[in-house]
Amino acid sequence: KGKFPLQIEDITHFHVIMDLLGEHSQKHFKSKYSYDNIKKVISAIERIEICGISPLSGKEYCFSFGEDHKIVEIEHMDENYSLKKELIQNNNKIGEIRIIISENINKKEKKLLEMLLNKISVPVAISLEKELMLRALELNNKKLYEKAITDALTELYNREYMREYLSKKIEEAKRHNFPLSIAMIDIDFFKKVNDTYGHMAGDHILSTFASLIKENMPDGHQTTQVDC
């Protein structure tokens, strides 16, 4: 995930853009005029927005690269754009890139902007595809891990997580010499509830009780379920 911003920043550096546009601009402009126009076009760019949908999770991710040369994640793209281009990988659309400019430019300068968009769309598409795949894998791994350490009924952490978490906290308490407290909570006569009203009623009591504990648990505390 950390490489994506760096790749976008590399692509949008002035000297890289000059190299990307160099051979094309020489066909349309004289050398000095070309340089001045490219410089003006780049300074007119307010921000570049990139958006793509993960092929694995179906989740949409959008990014904005602005004048402060920092890429940040955004909720959605700006509809007031100047130019846009689809990002294609392996004949499939994986996203879109939009350029928003802060001032008016003439036809020749707009032509340069279109060239810029065409040239950076390929490396941006490659970077975006890798980023989307990586984020989807991270999200999937996180879901699998949460499922492995969480009780399906109560949504409390299970015994395996408790062992791992408690071991770490005991070591921290010893290392830093601070107190560590554990509260054990049991529901009296719970077997009688199951026998009398059925397991569905018992499950409802467990899930409701677990919700009450989580809602009233102070920050920094953990709750787990241990079946005895």
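Residues: numbered from 1 along the sequence shown.
- Classification of E171 and K168 as a salt-bridged pair fails, no side-chain N sitting under 4.0 Å from a carboxylate O.
- Annotation: F178, atom CZ; neighbour count of heavy atoms from other residues, nucleotides and ligands within 6.0 Å is above 12.
- Within the model, atoms OG of S54 and CD of E131 stand 10.5 Å from one another, a figure rounded to the nearest 0.5 Å.
- Evaluation of the salt bridge (Lys or Arg N to Asp or Glu O under 4.0 Å) rule for K214 yields E155 as partners, not counting sequence neighbours.
- When side chains are defined from C-beta on, Y161 does not count as touching E146, because their heavy atoms never get closer than 4.5 Å.
- I101 has its side chain out of reach of E46: every pair of non-hydrogen atoms, C-beta onward, lies at least 4.5 Å apart.
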I205 vs Y197, side chain to side chain contact (heavy atoms under 4.5 Å, CB included): CA-CA, chis, key distance, verdict: CA-CA 11 Å; I205 290 173; Y197 301 102; over 6 Å; no

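- In terms of heavy atoms, L180 sits closest to A173 at CB-CB, 4.1 Å.
- In terms of heavy-atom proximity, T150 sits nearest to N158 at N-ND2, 3.7 Å.
- Atom SG of C51 is separated from atom CG of L128 by 8.5 Å, given to the nearest 0.5 angstrom.
- Annotation: side chain of M133 is not in contact with side chain of K130 (no heavy-atom distance under 4.5 Å).
- The minimum heavy-atom distance linking I88 with K93 is given by the pair CD1-CA, 3.7 Å.
- We find the CD1-CD1 distance between I94 and I126 to be 9.0 Å, quoted to the nearest 0.5 Å.
- Under the 4.5 Å side-chain heavy-atom criterion for Ile, Leu, Val, Met, Phe, Trp and Tyr, M184 and F189 are members of distinct hydrophobic clusters.
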Side chain to side chain contact (heavy atoms under 4.5 Å, CB included) between L166 and I182: does it pass, once the steps are laid out? CA-CA 9 Å; L166 198 55; I182 301 172; 3.6 Å; yes

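- The existence of a salt bridge linking R47 and E49 is confirmed by a sub-4.0 Å separation between a basic side-chain nitrogen and an acidic carboxylate oxygen.
- With values rounded to the nearest 0.5 angstrom, I99 atom CD1 is found 10.0 Å from E114 atom CD.
- A heavy-atom distance below 4.5 Å is not found between the side chains of I53 and L132.
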Begin from the C-alpha positions of K107 and K110 and carry the test side chain to side chain contact (heavy atoms under 4.5 Å, CB included) through to its verdict. CA-CA 5 Å; K107 289 183 179 180; K110 187 175 181 180; 5.5 Å; no

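- Summarising the geometry of Y61 relative to L139, their closest heavy-atom pair is OH-CD2, 4.4 Å, with the distance given to 0.1 Å.
- Residues Y81 and I97 do not share a hydrophobic cluster, defined by chaining ILVMFWY side chains whose heavy atoms lie under 4.5 Å apart.
- Interatomic distance, CD1 of I149 versus CG of D151, reported as 12.0 Å (0.5 Å rounding).
- Separating the CD1 atom in I100 from the CE atom in M77 is a distance of 7.0 Å, to the nearest 0.5 Å.
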Taking it one step at a time, do M162 and Y165 satisfy side chain to side chain contact (heavy atoms under 4.5 Å, CB included)? CA-CA 5 Å; M162 182 198 71; Y165 180 79; 5.9 Å; no

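- Side-chain atoms of N141 come within 3.5 Å of backbone atoms of L137 as a donor-acceptor pair (strictly under, hydrogens ignored).
- Using a 4.0 Å cut-off between charged nitrogen and carboxylate oxygen, E96 and R98 count as a salt-bridge pair.
- With respect to R135 and E73, a salt bridge is recorded, a charged nitrogen being found less than 4.0 Å from a carboxylate O.
- Here the closest heavy-atom approach between residue E129 and residue N90 is recorded as OE2-ND2, 4.0 Å.
- With hydrophobic clusters built from ILVMFWY side chains whose heavy atoms lie under 4.5 angstrom apart, L212 does not share a cluster with L156.
- When only modelled atom types and interatomic distance are considered, S121 and N118 share no side-chain donor-acceptor pair under 3.5 Å.
- Between L206 and I187, the shortest heavy-atom distance links the atoms CD2-CD1, 4.1 Å.
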